[in-house]
Structures are given as C-alpha cells and as structure tokens.
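Here is the structure we will look at, set down as structure tokens.
So you know, we letter chains A, B, ... as the sequences are listed, proteins then strands, and number each from 1.
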Amino acid sequence: MPVHNSEIADAFDKLADLLEIEAANPFRVRAYRNAALTIRAHPHAMAELVAQGADLSELPGIGDDLAKKIRTLVETGELPALKQAERRTPGALVAMLRIPGLGPKRVRALHAQLKVRSLKDLERAARAGRIRELAGFGAKTEAKILDQLQRQAQVERRATRSAAEDIAAPLLAYLGAVKGVKQVTLAGSYRRCRETVGDLDILITASKDAPVMDRFVSYDEVVAVVSQGDTRSTVRLRSGMQVDLRVVPQVSYGAALHYFTGSKAHNIAVRSLAVKRGLKLNEYGVFKGDKRIAGRTEQEVFDAVGLPYIEPELRENRGEIEAARQGRLPKLLTLAELRGDLHCHTEASDGHDSLRAMALAARELGYDYLAICDHSRHVTVAHGLEPERLAAQLDAIDKLNDELDGIVLLKSCEVDILADGTLDMPDDILARLDLAVCAVHYKFQLSRRRQTERILRAMDNRHFSILAHPTGRLINDRPPYDIDLERLMKAAVERGCFMEVNAQPDRLDLSDEACRMASELGLKVAISSDAHSCAGLGCLRYGVDQARRGWLTADDVINTRSLKALRRLLQR
DNA sequence: GCCGTTTTCGGCCCGACTGTTTTCAGTCG
C-alpha cells in the first residue's frame, strides 16, 4: 500500500504540533508545516517521485533533511522523528490544540502541571476547577474550555461555496446598508474560491463614525460574540458559521484585502519579499520606514514588492510567487469563455425540466451548445434510459435542433461504467451519439488496481468521450474512490478522451490539484454543470472557480471551443 | 529546518483582541 501525500503531510503536521508544545524553535516548526503544505498540494505522489529517484529537495520548503524524512516515510511507512517526539510528549495532546483558546503554551502548562494527557483528562480538570488555579489561566478560560469540549462533539464541517453564499448574502446586504459604510467585500478562502469555506472573512471600508461593529454584533443571526474590538470582531451565527469582520480606512483597502484574502502561507511569502526590499507589509499598507508607499489597491501592493497581480485563486503558496516573478502566471479561464455545457439531465431520467426547456435555458445563457446526458438504464433510481428510450430521445433532439435557432443540443448519455468495465449501452446506439459521458455509480469499494482497470477498460471503448466526476467524491459525505488518477489521465491523453470537472458544489470533481495535474499531463477537461434543471445550469461557475484554482486556461478546457472545433476534438 | 540580487550563517510576517495581567503573554488569523 503506497503512502499517500496526505499521510506524509499529516505526519509532518503532527510532528510540528508536538514540537510546538515542546516549545521548539518556532521556525523549525514552520518548516515542517510549510513542507506539509507543499506535499499536500503536490499533484504527484511522493511515493512515485521517490521510486523514480527524483530529488525531493528541489521542492519548495524541502531541504536535505526533510527530503530524507519523506524517503524514510515512503520506504518504511514510519517517521522515526515523530515516534521519538511521541515518546517525549503524548500524541493525544495535539487534539487539545484544536480547542479554540488553547495553544501550545497552555497545552504544555496543562500537561506539565495538571498531568493532563487527553481530552478526557482536560474535561475532568476543568470540572474540578483546577484549571483556573494555574498561572495565566482564569475562571473564564476554564469555562470556555468546557464549553468548547461540549461543542467539539458536533462534527466539524466546512461549508460548500454555495452554502456559504446563502449565509453570506443577507449579511453582506445588511452590512452594506449601515450608514457610512462604503465597501463590503467577502475575502478569505471564499474569495480564493476554495471548494469549501471554514469561516467568512468580511472586509469593510467606512467613515470613521459608522456604527459598523455595533450593527455587526447585533445581526439577527448572531448567537455568540467571540470577540469585539474597534477594527475587528468575530461572531458565530446560528448556522454555526464563524464570521470575522475587519474595518479599515479607504487608503488601506488594497493592503487589507490582500491580507484578509490570504492564504496565510501566501501572505507570509509576500511579506518576506517586502522585507527583502527593506519594506514592511501589513494590512494597512506597504511602508518604507513610517511612510506608506502603497496600499489603496491590491495592484499597488503587488507593484511595491515587484510582482505582477496574482489572482486570488492562485494565492496558496503553491508556486504562484515564483511563477509571477518569472512572468509565467497562467491566463486563467473565465466563465465568459465557456461556449457550452457538456453534461445535463432532463425529465427523461432524474432531471426536472423538458428537453425544450433546457435548450431554451442554455440559449438564454448565451451558450452555443448543450449536451443532453440522461442516465443509462443501470441507474434505476434515476429512471435510467433503456436503449430504446435513448433512441427515441435522440430522434427528439434531432427534431428540436431543426426547429430551434441559436442553440444546438448534442446527443449524449451519462453511460454507466459497469463493474467489469463495459459500458451500459450497446455500441450501435453509442455510435449515434455526439459524445458519451461515462461514469462510475456503484461498486465504489473496489481495490485501487481493480477500480483503475475498470475505468481503463471503459476508456478502451472508442465511443468513450468524457469521464464524468472522475473520483466520485461528495464533499463532506463520501471520500473519492481509490483510483490511480495519474495513470487514468495519461491513458485518457493516449486514447483521445477527456475528464470532467463536475461543477456541482458538493462534487467539484476533479479537485483543484487534480486539475493542475491534468494540465501538466496535457489532458484537457470539460467543465460541466451536471444540471438536473434549468436553474442548475447556473452552477457552472463553481466549476470555473475550481479550474482557476487548478491554474487552467481556456486552452485546457474543451467547452471553450466552437461547436466545430469541439466536434473535431471529440473524434477519436 | 529552510534559504540566499544584502547572507552558507543568521535571519525567518505582522497586528488585533482577550484574559489575566499591573505592562503583557497567548492565541488567532
């Protein structure tokens, strides 16, 4: 069983946590965390790189020592440095760091002075009133710890972008209506278009006397005020979402937006660049001595540190700063560049709207084409189509295409990939399609080898066009099935087929890292809504967000092509 | 532990808020 990148990253993160509790050199701790970030985001498996004899110390934030540790982990499955740390400090202590208000110093104190070794111990100590007696702790801290321990029982989930928007929209409108407020911007991971959002970060510029903070904490949905100051406050909403609000003067808007957009790792890297230029960068601007030399816009901030503008989606310290310095940032795909949608359903299977309604909705969106992909028969719960029903639908599409101007319906089907890798539709009818969108909908538990071979075999069918939702994951609900994605991507390139970036907010499958790997391997993708209604076509923008995070350009995406060019690409 | 158009040694981002503090450490983003 190969060691996954996430396991290596987890090991380094845990070691960093333990070292922090031990009060080790904070920069050494950061080195482990940076390495974990690099490894987690890396499109290729470290195990593969090790096997190929690659020089891991060329990766950013990884030097000779960490390269050796990665190698050891890959080859033995163990990290001796972590084992040793766990002998010195109980590994269970790292769980305490997850409790808001407890950091490494306090966890260390609790362990050293109260012999707390686990969350259970912590709860007992809090109930016994022993925590308040420690220096640096008090009754309030003790109560907060107990409260948080109870809260921890609830599962922690990050909201999808779409859920976050539902929560944010009314709050942004409410804040925008406060007297004296000028700009209201949603920053943070939402602005970076991450597939999930942990909390909302709102940036506001307002006149000095605007009662922003008072209004913020008295918002109807607020159930707890975590902190409140003149320029920054944090609340928790009924939905469980935490919201940070930051108010800055207009001259600082750009610097504050950059700072509040993050990511943290990106900010640290950019601030380091400022330091090298003898400048100081904070949320109020770029300073030379006491003099503010930039900060009204983000562009000014980037100019000051000698970088071109970097799009928020790229700000993860995954190589964007290097790329910016070398002038090789990608020109990211935009929603307007998409000419059509290559995956949707109608009432013939599990969609809600008719063929005609979907066609008109697509035309309204300005598309040139829309592929109709109702399920094949194996997906019985979705009223999957028998070959005969599909044949009838294809006739109906021909008829509608004759009748409608300004939109072309493409004949397709979301064909099930059966357990043995054959397709759930006979070849003679597949031959009538413009494209076949193929997908796995059952037998998720096959071994990595068998699942990969199942899909490879399906791709061998020359009618196979696009692998839909390639990993099957559902955000917060179902992990991806175990496949060798890199092998499948290479195979798709060789066979002239493609993969989908499914734009459903709870799928977003491929992931951002996988998009980047596809681009590096020369595999083109389709960004598709998988809409089950006219309104559902609108979620295509989430797929664009994901593709942008994966550094994709219009050239990487097949549905940026004209219909004619698309048809050429679909020929195998 | 990493890294180098000031360095192979000596740096490593920066500020707000809270609680326990009489001047600040710890935590957080």
Side-chain angles (χ1 to χ4, degrees), chain A residues 12 15-16 19-21 23-38 56-70 81 96-110 131-145 148 187-189 192 198-203 213 217 225-235 242-248 252 255-256 258-287 295 301 305-306 317 321-322 325:
Chain A
F12 282 175
L15 180 51
L19 289 173
E20 217 170 5
I21 293 169
N25 178 348
F27 300 106
R28 186 172 162 229
V29 173
R30 183 192 293 169
Y32 280 108
R33 294 206 195 285
N34 282 340
L37 274 175
T38 295
L56 298 178
S57 70
E58 283 178 4
L59 297 174
I62 293 172
D64 289 340
D65 181 83
L66 286 177
K68 208 167 134 199
K69 287 192 166 75
I70 294 170
M96 290 167 56
L97 293 173
R98 304 286 101 80
I99 295 172
L102 286 188
K105 300 275 164 55
R106 284 180 170 163
V107 169
R108 183 177 161 82
L110 289 165
I131 290 177
R132 73 181 73 180
E133 294 162 0
L134 296 182
F137 292 77
K140 274 192 166 177
T141 303
E142 188 177 83
K144 195 173 155 197
I145 289 172
Q148 290 294 342
S189 58
R192 299 200 310 279
D199 60 8
L200 299 176
D201 300 305
I202 300 174
L203 177 66
M213 287 309 177
V217 299
V225 178
V226 179
S227 72
Q228 183 178 1
D230 291 337
T231 67
R232 172 186 190 148
S233 298
T234 301
V235 301
Q242 183 164 303
V243 187
D244 291 349
L245 177 69
R246 191 70 191 260
V247 183
V248 297
S252 298
H258 180 259
Y259 154 74
F260 223 22
T261 296
S263 66
K264 190 174 175 177
H266 169 90
N267 285 351
I268 289 175
V270 173
R271 286 178 174 181
S272 298
L273 284 183
V275 169
K276 282 189 188 120
R277 296 186 155 223
L279 305 171
K280 185 177 70 170
L281 170 58
N282 59 29
E283 56 263 56
Y284 297 109
V286 184
F287 296 85
V301 173
V305 298
N317 201 25
I321 291 170
E322 270 307 294
R325 289 168 84 165

Open item on the list: Using heavy-atom distances to pick each residue's nearest nucleotide on DNA chain B, tell me which of D201(A) and I268(A) is more 5'.
Closed with: I268(A)
Open item on the list: In the structure I gave you, are the side-chain heavy atoms of R325(A) and I321(A) within less than 4.5 Å of one another anywhere?
Closed with: yes
Task: R232(A) and E283(A) ion-paired at < 4.0 Å - done: no
Task: Distance, rounded to the nearest Å, where K68(A) contributes NZ and dC2(B) contributes P - done: 11 Å
Task: Smallest separation among heavy atoms of L134(A) and A109(A), with atom names - done: CD1-O, 4.5 Å
- [ ] Would you classify K264(A) as touching base, sugar-phosphate or nothing, given that sugar-phosphate means primed atoms plus P, OP1 and OP2, and contacts are heavy atoms under 4.0 Å?
- [x] base
- [ ] Would you mind pulling out the nucleotide paired to dG19(B), Watson-Crick or G-U wobble, both distances under 3.5 Å?
- [x] dC24(B)
- [ ] Take atom CD1 of I70(A) and atom P of dG1(B), then tell me their distance rounded to the nearest Å.
- [x] 13 Å
Task: Short side-chain N/O contact to dC12(B) OP1/OP2 from S272(A), under 4.0 Å - done: no
Task: N267(A) vs dC13(B): side-chain N/O to OP1/OP2 distance below 4.0 Å - done: no
Task: Of the listed nucleotides dC12(B), dG15(B), dG26(B), the one nearest the side chain of F27(A) - done: dC12(B)
Open item on the list: Counting primed atoms plus P, OP1 and OP2 as sugar-phosphate and everything else as base, spell out the protein contacts along nucleotides 17-24 of chain B at 4.0 Å heavy-atom distance: B, S or - for each nucleotide, 5' to 3'.
Closed with: SSSSS---
- [ ] Produce a footprint string for nucleotides 3-8 of chain B: one letter per nucleotide, 5' end first; B if the base is under 4.0 Å from any protein heavy atom, S if only the sugar-phosphate is, - if neither.
- [x] S-----
Open item on the list: The criterion is salt bridge (Lys or Arg N to Asp or Glu O under 4.0 Å); which residues satisfy it with K69(A), sequence neighbours excluded?
Closed with: D65(A)
- [ ] Check the distance between dC13(B)'s C1' and L279(A)'s CG and give it to me in whole angstrom.
- [x] 13 Å
Report each atom pair, protein N/O against N/O of nucleotides 9-11 of chain B, whose distance is under 3.5 angstrom.
none

Open item on the list: Can you confirm whether L110(A) sits close enough to F137(A) that some side-chain heavy atom of one is under 4.5 Å from a side-chain heavy atom of the other?
Closed with: yes
Open item on the list: Please report the distance, rounded to the nearest Å, between CZ in F287(A) and C1' in dG15(B).
Closed with: 11 Å
TODO: Look at all strands and tell whether P26(A) reaches a base, only sugar-phosphate, or nothing, counting heavy atoms closer than 4.0 Å.
DONE: nothing
Task: N25(A) atom CG, over 12 foreign heavy atoms within 6.0 Å - done: yes
Task: P gap between dA16(B) and dT22(B), integer Å - done: 23 Å
Open item on the list: Output the rounded distance in Å from CG (L97(A)) to C1' (dT27(B)).
Closed with: 11 Å
Open item on the list: If we ignore hydrogens and angles and just use 3.5 Å, is the side chain of S263(A) paired with the main-chain N or O of H266(A) as donor and acceptor?
Closed with: yes
Task: D199(A)/D201(A) under side-chain contact (heavy atoms from CB on, under 4.5 Å): CA gap, chis, key distance, verdict - done: CA-CA 7 Å; D199(A) 60 8; D201(A) 300 305; 3.7 Å; yes
- [ ] Could you state the atom-to-atom distance from CZ of R271(A) to C1' of dC13(B) in whole Å?
- [x] 5 Å
Task: Interatomic distance at C1', dT8(B) relative to dG1(B), whole Å - done: 14 Å
Open item on the list: Say we look at dC12(B) and dT7(B): how far apart would their P atoms be, to the nearest angstrom?
Closed with: 16 Å
- [ ] Report the residues that fulfil ring pair (Phe, Tyr, Trp, His ring centres under 6.0 Å) with Y32(A), sequence neighbours left out, ordered by chain and then residue number.
- [x] F12(A)
TODO: Quickly work out the L19(A) CG to dG1(B) P distance and round it to whole Å.
DONE: 8 Å
Open item on the list: If you compare every side-chain N and O of Y284(A) against the phosphate oxygens of dA16(B) (OP1, OP2), does one of them come in below 4.0 Å?
Closed with: yes
Open item on the list: Using whole Å, what does the distance between atom P of nucleotide dC14(B) and atom CZ of R30(A) come to?
Closed with: 10 Å
TODO: Identify the two heavy atoms, one from L97(A) and one from P104(A), that lie closest to each other, and give their separation to 0.1 Å.
DONE: CD2-N, 3.5 Å
Task: Nearest-angstrom distance, C1' atom, dT6(B) to dG11(B) - done: 12 Å
Task: D64(A)/K68(A) under side-chain contact (heavy atoms from CB on, under 4.5 Å): CA gap, chis, key distance, verdict - done: CA-CA 6 Å; D64(A) 289 340; K68(A) 208 167 134 199; over 6 Å; no
TODO: From the options K105(A), R33(A), R108(A), select the one residue that forms a salt bridge (Lys or Arg N to Asp or Glu O under 4.0 Å) with E20(A).
DONE: R33(A)
Open item on the list: Under the rule for side chain to side chain donor-acceptor pair (under 3.5 Å), what residues qualify as partners of R132(A), not counting sequence neighbours?
Closed with: E142(A)
- [ ] Indicate, with a heavy-atom threshold strictly under 4.0 Å, whether Q242(A) touches base, sugar-phosphate, or nothing.
- [x] sugar-phosphate
